[in-house]
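Below: one structure, written as structure tokens.
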Amino acid sequence: MAAATLLLANLPSTSGAFSKFVPVASENDHNGMSSPPRKAARLDQSGSSASAITTTKGKERAGGQQRRIRVNLVSTPPDLKAEVTSLLPRLVRSVRAILSLPAPHSAATKPGEPSISLPESFEATYQACHVLVVLAHKGQDVYDAVTLEVERAVSAVIKSVSGARIPGVAWLDKFTSAMEWLDGRIGLLRSILADLDTGFASRDPSRLTFRDLCLDIIRKNVYQHGQSISLITEGIREWAKQERANDGASSGATTEQDVDMERTDHRALILRFISVLHIVGYFQSHFLDPYISYTTEFYTAEAKRLGKSLSPADYLAYVDRRLNEEHARAKDIMDEPSRKDVLNAAEHTLLPTEITSSLANPGFAVAWKERKIGEIARMYALYRRVGALDGLRAAFRDELQTCVRDVVTDSSKDDEMVSRLLEEKLLLDRVLIEALHERPFGNTVQDIAKLEEDPESDGQRLFAYSARDAFEKGFLARKRKPAEMIAKYVDQAMRKGQRDEDEGTFWHELDNVLGLYRFTQDKDVFRTFYERGLAKRLLLQKSASDALEERVINRLRDGYDPEFGKGNDMFKDIALSRDLLAEYRASMRNKNERFSAMVLKFSTWPFGKYEGTIGLPPDMSEEIASFEEFYKLKHKNHKLEWNHSLGTVTLSAQFDSGSKELSVSLYQAVVLLLFQNESKLSYKDILSQSGLSMFPADAGTDGIADMRDVEPKDTILTLQSLALGKARVLVKRPTGKDIGDDDEFLFNVKFEDKRRKIHIPSIQQQETVEETKQIEQAIDLDRQATVDAAIVRIMKGSKKLADEQLKIKTIEALRRHFVPTVQDIKKRIEHLLEREYMERDEKDHNLYHYVA
């Protein structure tokens with residue numbers, strides 16, 4: 001028999017219920033049934049039975065003796081059953097009163113407010129529940145009765161709300177207030193009917209607690225009801241529509257601070273509504289899903305409408321503003337996971353694949369041409385959000401390649417090619433850093449090595465790789481020319497030197513130019529033109545500094561091109577020539593130092609054999625003969641060949657304005673000296689007396705002229721430089737650019753110039769179109785020999801190779817110099833087959849064998 005200590009509930013003084021009630025306990029009190037009659041309680045100090053309870057406190061009070069208390073529970077006396085029966089209806093009336101809606105004209109009361117009119121006090125209701133559930137074991141009856149009252153109340157609430165004929169947002173406000181009121185009343189009842197949970201519901205795991213029971217009823221009668229779902233969805237859609245209409249009307253609302261008061265009030269309502277939904281666990285299905293659905297529907301229509309009418313830049317600006325508005329709205333009312341879902345839906349609806357694909361190329365092209373880095377940054381951020389960076393990267397590569405190709409193929413602006421390419425490259429570096437969040441490629445080998453060693457750079461420089469690919473392919477649109485113009489640009493920079501620039505700025509600008517050199521496959525073309533320019537600068541003393549020249553050579557070799565090294569041999573020749581000239585002057589003590597000469601090796605300097613003729617003045621001829629005699633005494637087996645086209649002379653000329661020093665070429669000096677004794681000479685006189693008529697017009701690539709086609713080309717160029725240039729020390733009659741046989745030239749005694757020392761540029765010493773063609777022909781011949789050597793070397797090592805393998809290995813072997821075309825390789829293979837360096841296999845014509 002189970003024993004228990006029971007407390008009688010304190011009922012109100014006005015009630016006489018249970019004044020004679022005797023507490024009872026039952027072994028089966030969890031099922032609400034009364035226990036069978038038991039004997040009355042009695043004390044038995046010596047007895048021992050199964051129904052006794054042993055207490056340690058009893059032993060202590062008895063001085064160590066054990067005391068047992070036996071309690072016999074008896075059934076409810078018959079005269080009290082009526083009291084218990086009447087208590088349940090009174091409890092139900094109290095519950096019904098608490099769950100009743102406020103009167104139509106009264107203010108809605110909140111949970112716990114004393115304005116609720118009840119037949120019993122909260123305390124009396126609590127005591128009644130306690131008695132019924134705990135003492136009378138009527139838990140099931142109370143549970144069923146309360147369930148019925150809650151269902152009735154929920155039905156009344158939803159009927160009241162659904163019957164209101166008001167618009168969506170207003171209805172949502174009324175619905176939210178009703179649900180908040182209902183939740184408050186349920187919370188109040190939960191406190192009053194606490195014994196229903198602790199004394200009854202909690203004893204059966206399958207039975208719902210009072211609050212869970214109420215929520216279950218609300219879910220079934222409210223949130224699973226078709227009409228309620230429809231009205232809720234309508235309210236959400238109307239709110240979202242108002243929000244976005246206000247956003248669209250305000251031109252600059254991009255952050256949550258820009259939201260007006262009307263929207264703020266509505267957001268407060270939505271926050272309350274979302275809190276109500278979280279209580280019943282219906283936030284996802286009754287708010288987030290409908291809201292995302294309407295967001296998708298709304299922005300699908302806007303994207304379709306505006307995607308065609310707005311320019312790419314304006315549409316992307318609109319999308320950016322809309323997404324900022326969505327972020328501000330979602331941040332106000334949702335948690336982060338839900339916020340991400342909403343933004344993801346808005347992003348992919350406003351920027352679906354078809355729109356990102358159609359906007360990428362025109363949008364990026366305009367932003368690039370107009371130098372709007374901010375718009376490019378916006379494109380990158382938006383395309384990244386929807387995972388469309390591959391499309392943007394393709395547009396980036398295509399536009400950059402187009403720009404580079406347009407610059408390279410614009411032959412009318414070849415002189416501006418490098419400066420325009422530099423402008424594109426500098427813009428590219430800014431875009432990579434500021435808009436695309438990537439580091440641009442380094443210029444030197446060392447810079448590139450540092451980037452490649454950085455573990456964070458791997459996979460994070462996709463736009464930089466695309467940029468390199470764009471430049472390389474753009475350069476291929478006009479092979480050789482970019483390399484040639486880069487070399488010529490560096491030549492001009494080396495002639496100017498640092499001037500007023502600090503050293504750091506000079507080297508930075510030079511590295512930017514040489515960085516373009518990396519994009520060309522024609523490394524041999526750059527080397528050829530650079531070495532030719534270097535040779536002219538050194539021989540004509542046009543270089544800003546020999547020390548600077550050597551530093552640039554070392555930088556080219558160490559930082560850009562390991563194969564670049566011929567320049568050092570030129571400096572050795574210059575040093576030896578200076579020593580030789582000093583020795584010559586020392587041996588001719590009785591002569592002045594007006595004459596100087598440089599002795600150079602043909603193998604080191606990029607000039608062909610000189611085949612022209614010139615009539616030198618007697619004193620110049622004597623100086624040359626004297627130097628030759630001195631040189632032969634030192635080097636008996638060496639032969640000197642003079643190249644007068646690179647000679648320079650300083651003349652003293654007397655004009656009406658005073659004496660001037662003219663720095664001219666040897667050709668110009670020979671012509672000007674003809675006017676020492678004559679004030680006027682005809683073109684034919686100059687032609688015959690200068691001896692310049694025998695210079696060949698069409699020299700071959702080996703420098704050997706075809707003497708059958710002789711033109712007075714150098715005489716014409718020399719006269720043009722003296723009579724038609726900026727410093728016109730001769731006057732041509734009649735005027736005009738072309739020079740004819742009947743033209744006359746006069747020494748211009750009225751020539752004026754503020755400077756005392758005047759340099760008159762020589763057209764011969766500048767690179768002409770014909771000279772450039774000759775260099776290109778020489779490059780072609782060098783390439784043929786280089787390809788032949790590479791093929792023979794590969795075949796010698798492999799002994800036999802298939803045709804395709806030989807082509808691949810040849811291209812790879814020559815990549816450091818240039819990239820030969822497959823057609824060029826085929827021609828050289830046929831050439832080597834004819835010369836029997838290799839042979840075809842008898843059975844397989846695509847297989848070659850090396851012939852020792």
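- Within the structure, the side-chain hydrogen bond (donor to acceptor under 3.5 Å, both in side chains) test picks out the following pairs touching residues 722-733 (sequence neighbours left out): Lys732-Asp743.
- Residues passing the side-chain hydrogen bond (donor to acceptor under 3.5 Å, both in side chains) test with Lys639, sequence neighbours excluded: none.
- Between Thr715 and Ser690, the shortest heavy-atom contact is OG1-OG, 4.3 Å.
- Lys827 is linked by a salt bridge (charged side-chain N to carboxylate O under 4.0 Å, His left out) to nothing, counting only residues two or more places apart in sequence or in another chain.
- Side-chain atoms of Ser663 never come within 3.5 Å of backbone atoms of Thr650 as a donor-acceptor pair (strictly under, hydrogens ignored).
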side-chain hydrogen bond (donor to acceptor under 3.5 Å, both in side chains), that's the test. Do Asp788 and Tyr837 meet it? Break it down for me.
CA-CA 10 Å; Asp788 289 350; Tyr837 281 95; over 6 Å; no
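- A distance of 10.0 Å separates CZ of Arg756 from CG of Leu662, quoted to the nearest 0.5 Å.
- The salt bridge (charged side-chain N to carboxylate O under 4.0 Å, His left out) test applied to Asp824 returns no partner, not counting sequence neighbours.
- Looking at Arg557 and Asn554, their side chains do bring a donor and an acceptor atom within 3.5 Å of each other.
- Between Ser798 atom OG and Lys809 atom NZ the span is 3.5 Å, to the nearest 0.5 Å.
- The backbone N or O of Asp753 lies less than 3.5 Å from a partner atom in the side chain of Lys660, making a donor-acceptor pair.
- Contact check for Leu674 versus Phe747: no side-chain heavy atoms found under the 4.5 Å cut-off.
- Here the side chain of Ser688 pairs a donor or acceptor atom with the backbone of Asp685 at under 3.5 angstrom.
- Among residues two or more places apart in sequence or in another chain, the salt bridge (charged side-chain N to carboxylate O under 4.0 Å, His left out) test is passed with Asp573 by none.
- A cation-pi arrangement is present between Arg537 and Tyr530, with the terminal nitrogen or guanidinium carbon under 6.0 Å from the aromatic centre and inside a 45° cone about the axis.
- With hydrogens and angles disregarded, no donor-acceptor distance shorter than 3.5 Å links the side chain of Arg405 to the backbone of Lys473.
- Exactly one of Leu801, Leu806, Leu832 qualifies for a side-chain contact (heavy atoms from CB on, under 4.5 Å) with Tyr848. That residue is Leu806.
- By the side chain to side chain contact (heavy atoms under 4.5 Å, CB included) test, Lys479 is found to be paired with Leu476, Asp522, Thr821, residues two or more places apart in sequence or in another chain being considered.
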